[in-house]
Engineer: 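Sharing a structure with you now.
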Amino acid sequence: MQTQGPELKFRTRRWVKPEDLNPNHTLFGGSLLKWIDEEAVIYAILQLNNPHVVTKFISEINFISAPRLGDIIELGIVATHFGTTSITLKCEVRNKITQEPVLAIEKMVFVNVDESGKPTPHGKTAITFAKDRLRDNPDPARLN
């Protein structure tokens with residue numbers, strides 16, 4: 001029996017356009033990986049409340065199906081583990097209309113660093129949500 005982890009939230013959507021295609025007329029994997037890394041680091045920055053977060057590790061990337069021109073895909077990301085200086089995420093991508101899986105990445109590790117790029121403890125132990133962070137700190141100029 002598989003244990004149920006935190007629920008993936010699909011919040012980012014991308015429309016597959018002509019400039020995103022490979023010679024096979026499907027979504028270029030490099031474009032998809034760029035979108036995933038960008039979305040994942042934003043998630044990590046918001047969870048760790050620090051704009052200085054770097055990608056440390058991405059596990060095996062399982063391409064399941066190939067989106068085509070005009071498809072709308074959505075990225076789901078969730079934190080699965082908090083280390084002393086790191087956060088581990090899981091990512092899934094699916095076709096928004098058909099719900100067909102496109103890609104799965106079981107483990108992406110991001111490291112919290114200081115302004116000089118050295119790993120630094122973040123003090124986080126669980127997923128937090130913007131509504132809770134904003135309630136604790138109503139100043140919208142601060143990164144939350």
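Residues take their numbers from the sequence shown, with the count starting at 1.
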Engineer: Do you know which two heavy atoms are closest between Ile127 and Ala79, and how far apart they sit?
Structural biologist: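 Residues Ile127 and Ala79, closest heavy atoms: CD1-O, 3.5 Å.
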Engineer: Looking only at non-hydrogen atoms, find the nearest pair between Arg68 and His25 and report the distance.
Structural biologist: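 In this case the closest contact between Arg68 and His25 is NH1-O, 3.3 Å.
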Engineer: Is a donor on one side and an acceptor on the other found under 3.5 Å between the side chain of Asn112 and the backbone of Thr120?
Structural biologist: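 Yes, because the side chain of Asn112 sits within donor-acceptor range (under 3.5 Å) of the backbone of Thr120.
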Engineer: Should Leu103 and Ile61 count as side-chain neighbours, where that means a heavy-atom distance under 4.5 Å?
Structural biologist: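 With C-beta onward as the side chain, the pair touches.
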Engineer: What distance do Phe82 atom CZ and Leu48 atom CG have between them, rounded to the nearest 0.5 Å?
Structural biologist: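 Separation between the atoms: 6.5 Å.
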Engineer: Give me the atom names and distance for the closest heavy-atom approach of Leu32 to Val102.
Structural biologist: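 Heavy atoms only, the tightest pair is CD2-CG1, 4.1 Å.
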Engineer: What are the two closest heavy atoms between Val53 and Ala44, and how far apart are they?
Structural biologist: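 Shortest heavy-atom contact: CG1-CB, 3.8 Å.
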Engineer: Please report the closest heavy-atom contact between Ala40 and Phe110, naming both atoms and the distance.
Structural biologist: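 The answer is CB-CZ, 3.5 Å.
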Engineer: When you measure from the side chain of Asn50 to the backbone of Val113, do you find a donor-acceptor pair of N or O atoms at a distance under 3.5 Å?
Structural biologist: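 Such a contact is found between Asn50 side chain and Val113 backbone.
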Engineer: Phe10 and Ile36: same hydrophobic cluster, using ILVMFWY side-chain contacts below 4.5 Å?
Structural biologist: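 Yes, because Phe10 and Ile36 connect within a single hydrophobic cluster, where side-chain heavy atoms sit under 4.5 Å apart.
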Engineer: Short question: side chain of His122, backbone of Gly83 - any donor-acceptor pair under 3.5 Å?
Structural biologist: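 Flag set: sc His122 to bb Gly83 pair under 3.5 Å.
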Engineer: Return the CZ to CG distance between Phe28 and Leu33, rounded to the nearest 0.5 Å.
Structural biologist: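 Answer rounded to 0.5 Å: 8.5 Å.
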Engineer: Are Leu89 and Val109 connected in a single hydrophobic cluster, I mean Ile/Leu/Val/Met/Phe/Trp/Tyr linked by side-chain heavy atoms less than 4.5 Å apart?
Structural biologist: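 The answer is no; the residues belong to distinct hydrophobic clusters.
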Engineer: Test side-chain contact (heavy atoms from CB on, under 4.5 Å) on Glu74 and Glu92; report intermediate values, then the result.
Structural biologist: CA-CA 8 Å; Glu74 56 185 357; Glu92 292 179 12; over 6 Å; no
Engineer: Is the count of non-hydrogen atoms from other residues, nucleotides or ligands lying under 6.0 Å from Glu115 atom CD greater than 12?
Structural biologist: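 Atom CD in Glu115 is not packed in, count stays at 12 or less.
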Engineer: Show the numbers, then the answer: is there a side-chain contact (heavy atoms from CB on, under 4.5 Å) between Val111 and Phe57?
Structural biologist: CA-CA 9 Å; Val111 176; Phe57 175 82; over 6 Å; no
Engineer: Of the non-hydrogen atoms in Leu21 and Leu27, which two are nearest, and what is the gap between them?
Structural biologist: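 Minimum heavy-atom separation between Leu21 and Leu27: CD2-N, 4.0 Å.
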Engineer: By the side-chain hydrogen bond (donor to acceptor under 3.5 Å, both in side chains) test, which pairs, at least two apart or in different chains, include something from residues 32-42?
Structural biologist: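 Pairs touching residues 32-42 that pass the test: Thr12-Glu39, Asp37-Thr55.
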Engineer: Any chance you could measure Asn95, atom CG, to Ile72, atom CD1, to the nearest 0.5 Å?
Structural biologist: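 Going from the CG atom of Asn95 to the CD1 atom of Ile72 covers 8.0 Å.
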Engineer: State whether the side chain of Asp114 and the backbone N or O of Ser116 hold a donor-acceptor pair below 3.5 Å, judged by distance alone.
Structural biologist: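 Yes, the answer is positive, given that a donor and an acceptor are paired below the 3.5 Å cut-off.
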Engineer: As an exercise, state the distance from CE of Met108 to CD1 of Ile87, rounded to the nearest 0.5 Å.
Structural biologist: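 Rounded to the nearest 0.5 Å, the CE-CD1 separation comes to 11.5 Å.
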Engineer: How far does CD1 of Ile77 sit from CG of Leu8, to the nearest 0.5 angstrom?
Structural biologist: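 Here the rounded value is 8.5 Å.
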Engineer: Measure the CD1-CG distance between Ile105 and Leu75 for me, rounded to the nearest 0.5 Å.
Structural biologist: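 Rounded to the nearest 0.5 Å, the CD1-CG separation comes out at 9.0 Å.
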Engineer: Can you check side-chain contact (heavy atoms from CB on, under 4.5 Å) on Val78 and Lys9, steps first, answer last?
Structural biologist: CA-CA 7 Å; Val78 69; Lys9 301 287 186 189; over 6 Å; no
Engineer: Is it true that, when you exclude Glu60 itself, more than 12 heavy atoms of the residues, nucleotides or ligands shown sit nearer than 6.0 Å to its CD?
Structural biologist: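 Atom CD in Glu60 is not packed in, count stays at 12 or less.
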Engineer: Between Thr128 and Asn49, is the side-chain contact (heavy atoms from CB on, under 4.5 Å) condition met? List the steps.
Structural biologist: CA-CA 10 Å; Thr128 58; Asn49 196 29; over 6 Å; no
